[in-house]
Every structure is written in C-alpha cells, then in structure tokens.
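To find a chain, count down the sequence lines: A is the first, B the second, and so on, and within it residues start at 1.
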There are 2 protein chains.
Amino acid sequence: MDLEDYPLTIVLLQEMLKDVVRTKTYQNVIYQNGFLFKDKIVLDVGAGTGILSLFCAKAGAKHVYAVECSHMADMAKQIVEANGFSNVITVLKGKIEEIDLPVPQVDIIISEWMGYFLLYENMLNTVLYARDKWLVAGGVVLPDKASLHLTAIEDADYKEDKIEFWNNVYGFDMTCIRKQAMLEPLVDTVDQNQIVTNCQLLKTMDISKMTPGDASFTASFKLVAERNDYIHALVAYFDVSFTKCHKLMGFSTGPRSRATHWKQTVLYLEDVLTICEGEEIVGSMTIAQNKKNPRDVDIMLEYSLRGLHCNVSRTQYYKMR
Amino acid sequence: MDLEDYPLTIVLLQEMLKDVVRTKTYQNVIYQNGFLFKDKIVLDVGAGTGILSLFCAKAGAKHVYAVECSHMADMAKQIVEANGFSNVITVLKGKIEEIDLPVPQVDIIISEWMGYFLLYENMLNTVLYARDKWLVAGGVVLPDKASLHLTAIEDADYKEDKIEFWNNVYGFDMTCIRKQAMLEPLVDTVDQNQIVTNCQLLKTMDISKMTPGDASFTASFKLVAERNDYIHALVAYFDVSFTKCHKLMGFSTGPRSRATHWKQTVLYLEDVLTICEGEEIVGSMTIAQNKKNPRDVDIMLEYSLRGLHCNVSRTQYYKMR
C-alpha cells in the first residue's frame with residue numbers, strides 16, 4: 001500500500017487505535033516479551049502515529065526506526081518528542097524502498113500491515129522488502145504468521161438489502177449495478193449465528209520466509225453443513241500470530257471473535273444453496289494481485305454442492321478495489 | 001467536485017439512493033409537479049445512476065440530458081436503456097465544462113450537488129456554470145434555494161471520545177493530533193436533545209441567481225441559550241428548497257429532522273461554555289473555498305459569551321478536507 005496516497009485521516013487513525021483487539025495485542029506482545037526487545041534494534045514499517053515504536057521503546061529496545069511515508073510522519077516526530085523518546089526512536093519520513101536507514105541491519109521488524117481480507121491494500125510487500133534488505137540472520141518479524149480462513153453463511157436479509165435492492169430502485173431496473181455489486185466483496189460484520197458450516201483454513205503465510213509471490217495462490221476447501229439451512233455467501237477472514245513470544249499470541253478477525261475494524265469479507269453467491277446437515281460445499285479459491293493495479297485483489301471462486309435439494313457447480317469472480 | 005476522482009462506489013451510491021429524505025424529495029418534486037416538466041428540456045448535472053433523469057422522463061419531460069463524468073455514466077446508459085427511456089434520456093459522459101450539449105438551451109437544470117456542510121466537495125460551481133451557459137431566460141433550477149444554519153450543542157461524552165482521546169493513547173501523549181482533530185469539523189449525527197440554543201440562519205443562497213463567489217461569505221449569528229447547560233460545539237446543517245413547485249417543497253438536514261446521509265457538521269470549541277438560560281453567544285462565521293484546493297472549505301469562527309459563569313471571546317479556524 002502506498003501510504004502517501006492513503007487517506008490516513010484522523011477519524012481512521014482513531015478507529016485503528018481504538019480497535020483494542022489490534023492495538024492491545026501488539027501492546028501485550030511487546031510489553032509481555034521484553035526479552036525480545038531488550039537492547040535490540042527495531043524497524044517499524046508504516047509507523048503511523050508511532051504507537052508500536054513507543055511500545056517497543058518502553059519495552060527496552062536499544063533503538064527504533066519508525067518509517068512512515070505519509071504526512072503522519074511529522075505527527076509521529078512530535079509525539080516521540082512529547083513522550084521523551086527522541087533518543088530512542090528515529091522517525092524517518094519516506095517510503096521503505098527509498099529511505100536510507102542509518103544502520104546496516106535490524107534485529108526486529110514490526111508492522112501492522114494487514115488490510116481488509118488480509119491482502120487488500122496491504123503493506124506486506126513493503127515488510128518483505130524491509131526484511132530482505134535489513135533483517136539480521138535469525139532476526140524476528142512481528143507478526144510472523146498470517147492465515148486466511150473461509151466459512152459459509154445464511155444471509156437472506158442482507159443479500160436482499162445489498163444486492164437485490166438494485167432490481168427495483170424507486171420503480172426502475174438497475175440490474176446492471178446488481179452485477180457490479182456481486183463482483184465486489186463486501187467488508188462487513190457477520191453475526192456468528194449466521195455461520196452454517198465449519199471454518200476452513202485456506203492458507204498460512206510465514207512472513208519470516210515467504211516471497212511476495214506467495215500472496216497469490218489457489219487453495220481448495222471443503223465446507224460441511226452443521227445444520228439444515230440456506231447459504232447466501234462465503235465469508236473470509238484472517239488470523240495473525242506472533243509465534244516468537246514466550247507463549248503463542250495473536251488475534252483472529254473471524255465472526256466468532258471480538259469485532260475488529262477489519263470486520264469480515266462477504267462474497268455473495270449467485271445461487272442460494274439449500275444445504276442439509278452433513279452435505280459439503282467443495283471448491284477452490286484463487287487469489288491474485290491485480291496486474292494493472294497491485295492494490296486490487298482478484299478472486300476466483302469455484303464451488304459445487306451435490307446435495308439432496310441442490311445440485312450446483314459454478315465459478316464466480318470478484319475484485320476488491 | 002471532480003466526479004471523475006470521486007469514489008462513486010456502489011456502497012456510496014446505495015447510501016445516497018436509500019437516503020429517502022434526499023431521493024424521495026426529488027421524486028415528489030418531480031412527480032407532483034408534472035406541469036414544470038411537461039414537454040420541457042432538462043439538464044441533469046452529475047447524474048450518477050440517472051435516477052433524477054428517469055424521474056423527469058417519467059414526469060413527461062420532452063428530453064433529458066444526463067451528464068456524468070465518472071465511469072457511472074456507462075451504468076446510467078445501460079439503466080436508461082433497460083427502462084425503455086433511450087428515446088427521452090441522453091447520457092453524456094464527461095465534465096459539464098467540456099461536453100458538447102446537442103441543444104443550445106435547456107428549460108430546467110436539476111442537480112443533487114450538495115456536499116457535507118453543504119459546500120464540502122460540492123458540485124455547485126458546475127451547476128452555476130451550466131446555468132450560465134445553457135439555461136433559457138426564465139428557466140428553472142431545481143433546487144433553487146439552499147440555506148446554511150447554525151446551532152450550539154452539549155456534547156461532553158463525544159468530545160471526550162473524539163478529541164480528549166488524544167491526550168492519553170495507551171499511555172502516550174498525542175496532543176499534537178488533538179490539535180489537528182480540533183481543526184477538522186466532524187460529520188456526524190447530533191441528537192436533537194443536545195441542542196441548547198436556538199437555530200440561526202447563516203445564509204441563504206439563490207441558486208438561480210448567485211455567482212460562485214457568493215459561496216464564500218461572512219455571516220454573523222446570535223445563539224440564545226434555551227436552558228442552563230454546557231456548550232461543547234457549534235453545529236452546522238443545511239436546508240434546500242424547491243420554490244418553483246406548486247407548493248413549497250424541500251428538506252432539512254438539521255438535527256430535528258429525519259436523518260440523512262449528510263448528517264450534521266460539528267465544530268468543537270476550544271472552551272467548554274457554561275451558559276445560563278437567556279445568555280447569548282454572538283459571533284460570526286466566515287466560509288471560503290481553500291485557494292490551493294478548491295474542494296476544501298476554510299472556516300473561521302469568531303464567538304464570544306459574556307455570561308454569569310463564563311466570559312470568553314475566541315477565534316477558531318477549521319478546514320474541511
């Protein structure tokens with residue numbers, strides 16, 4: 001993500017900071033694992049207000065380089081100074097790919113790089129670039145694991161509201177917009193009672209080892225109905241974890257966990273699936289960066305259900321943009 | 001507003017269409033005043049999906065030119081065709097300032113050009129340009145009146161949440177962001193029970209006669225407390241009206257009216273004013289387009305209260321961006 005163009009408004013900043021699942025997890029990871037930070041050199045990729053750098057400095061880091069390319073870097077400098085950490089934290093305004101880091105290597109790279117659907121408008125490539133350029137052998141990336149999951153939900157009311165709405169707008173047929181709406185995954189909060197099947201792990205990425213190409217992949221899935229119901233959408237969400245902590249730490253953005261600002265990502269199905277307990281939706285999801293606009297994510301979903309009341313096999317395309 | 005750059009997403013389109021105060025008022029104005037439209041040539045400025053053009057066509061317009069510069073113009077073309085109005089509505093993709101209108105004059109200009117705070121990222125200048133270039137003498141602009149209003153509210157909890165939050169963020173001092181947050185008016189819904197004073201009309205603009213420069217002005221105000229209370233913010237909102245209808249029609253976006261997607265605009269005060277019933281806040285508000293970025297609105301607020309418990313006089317600056 002090109003933070004320079006990113007609308008890092010105060011309202012958005014506050015939403016992210018007030019997302020306690022997000023911010024408190026990072027705070028706990030840092031404060032409860034002082035042994036990782038003590039006398040270490042840390043690089044904070046996409047530092048924003050500098051909050052993670054401040055946590056690291058307070059946890060005993062020797063020095064923290066906070067890199068932020070938006071105008072927020074100027075704020076971060078003031079914040080670092082106001083809190084008396086000017087001697088520990090250096091804010092660098094610029095893109096990771098263009099800045100001169102004053103040290104040859106860092107011990108730890110920390111970043112909150114995750115976007116909606118994990119991969120939409122994310123900073124992952126920037127983190128991997130920094131890792132390859134500056135992380136010492138045996139250094140730590142925080143977080144170091146990120147997983148994408150899939151499940152299926154009943155969502156009659158909302159699909160009616162968001163998708164079928166376009167069939168009749170004040171008496172007019174706007175079905176061409178319905179087609180567009182079907183192509184765009186919806187970032188929204190799903191109630192856990194809507195979940196009809198198991199939750200399937202699609203992919204785990206090891207941030208300490210992966211290449212940028214590993215963020216494009218095809219993963220197969222099998223979703224087994226846990227009750228008789230209808231299925232209107234598949235829902236994707238992600239977990240991140242910090243496996244280098246004294247004990248495993250992390251958080252999930254799934255519908256069964258406390259809500260975060262990432263919510264979940266809803267992919268509406270063309271068909272309403274009438275599914276019986278024990279029946280399986282099998283298929284695969286292919287995720288790729290859009291070639292023209294690398295911020296966009298292209299998704300191909302293949303699925304089929306061979307059930308008592310429903311026999312369907314289909315391919316749908318989505319684009320997050 | 002440069003619609004080409006405007007994120008006319010499907011979610012936003014739906015929010016605007018589902019704003020029934022907005023869309024139903026336009027529909028009622030058009031359907032209940034067929035005499036205005038019968039055999040007339042209409043220009044729809046910033047047509048979006050073409051919904052207003054469809055209303056006009058259905059109301060008996062001879063021809064409607066729907067001008068839209070975003071990619072939504074392609075959708076509008078499909079929608080016009082799907083609804084059988086291709087012979088009445090012509091969708092023109094482009095900027096008003098650059099398109100070739102196939103007729104020398106139009107009888108009616110209709111537009112939903114209003115932005116947050118009426119004037120933020122609005123299309124008013126485009127409407128005025130179209131009016132001066134194409135509107136026949138005695139032609140009608142819909143809506144033809146827009147008014148900006150001001151009132152004062154108690155808002156302790158929300159100011160704490162939005163502004164004072166920055167004083168202590170997970171233990172760190174981010175007061176430099178507090179300063180920024182104070183500069184940015186907040187678009188949000190205000191409960192009518194928070195209103196402490198009268199509502200004062202600041203300015204009425206006559207869209208059929210005004211010049212672009214009339215959207216920059218200084219207006220004085222006097223807000224009289226209707227009860228003993230504290231005042232944390234001033235709140236601005238707008239009304240629009242269609243005075244050429246058979247009877248006066250229009251809507252208000254004020255806190256005492258049904259909520260719209262425009263909500264209200266909250267300007268937090270540096271001081272908390274302790275005000276007694278009958279005491280007056282007097283002052284003036286100066287509104288100007290930002291010279292560097294014409295989409296931005298600069299606001300200067302001067303106010304003073306000479307009260308029993310509070311004696312304050314201050315100037316504050318805000319910028320909507």
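At least one side-chain heavy atom of I79(B) sits under 4.5 Å from a side-chain heavy atom of I177(A). The side-chain heavy atoms of L36(B) and V29(B), taken from C-beta on, include no pair separated by under 4.5 Å. Annotation: side chain of L186(B) is in contact with side chain of V11(A) (closest heavy-atom distance under 4.5 Å). In this structure the side chain of V67(B) never reaches within 4.5 angstrom of the side chain of V45(B), judged on heavy atoms. Put simply, the side chain of L142(B) does not reach to within 4.5 Å of the side chain of L52(B), judged on heavy atoms.
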Report every donor-acceptor pair between chain B and chain A with a separation under 3.5 Å, backbone and side chains included.
unit_1: Q14(B); atom_1: NE2; unit_2: D161(A); atom_2: O; d: 3.0
unit_1: Q14(B); atom_1: NE2; unit_2: K162(A); atom_2: O; d: 3.3
unit_1: L17(B); atom_1: O; unit_2: Y170(A); atom_2: OH; d: 2.6
unit_1: K18(B); atom_1: NZ; unit_2: D161(A); atom_2: O; d: 2.9
unit_1: K18(B); atom_1: NZ; unit_2: D161(A); atom_2: OD1; d: 2.5
unit_1: K18(B); atom_1: NZ; unit_2: D161(A); atom_2: OD2; d: 3.2
unit_1: N83(B); atom_1: OD1; unit_2: D173(A); atom_2: N; d: 2.8
unit_1: N83(B); atom_1: ND2; unit_2: D173(A); atom_2: O; d: 2.9
unit_1: D161(B); atom_1: O; unit_2: Q14(A); atom_2: NE2; d: 3.0
unit_1: D161(B); atom_1: O; unit_2: K18(A); atom_2: NZ; d: 2.9
unit_1: D161(B); atom_1: OD1; unit_2: K18(A); atom_2: NZ; d: 2.5
unit_1: D161(B); atom_1: OD2; unit_2: K18(A); atom_2: NZ; d: 3.2
unit_1: K162(B); atom_1: O; unit_2: Q14(A); atom_2: NE2; d: 3.3
unit_1: Y170(B); atom_1: OH; unit_2: L17(A); atom_2: O; d: 2.5
unit_1: D173(B); atom_1: N; unit_2: N83(A); atom_2: OD1; d: 2.8
unit_1: D173(B); atom_1: O; unit_2: N83(A); atom_2: ND2; d: 2.9

Item to check | Worked check of side-chain contact (heavy atoms from CB on, under 4.5 Å) between F55(A) and I110(A) | outcome: CA-CA 11 Å; F55(A) 290 157; I110(A) 193 161; over 6 Å; no

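The CD1 atom of I51(B) sits 10.5 Å away from the CG atom of L13(B) when rounded to the nearest 0.5 Å.
V20(B) touches chain A through backbone and side chain together, each having a heavy atom under 4.5 Å away. Contact annotation for F85(A): only side-chain heavy atoms (C-beta onward) come within less than 4.5 Å of a heavy atom of chain B.
Most heavy-atom pairs under 4.5 Å with chain A: of the set C176(B), A82(B), G50(B), G171(B), this distinction falls to C176(B).
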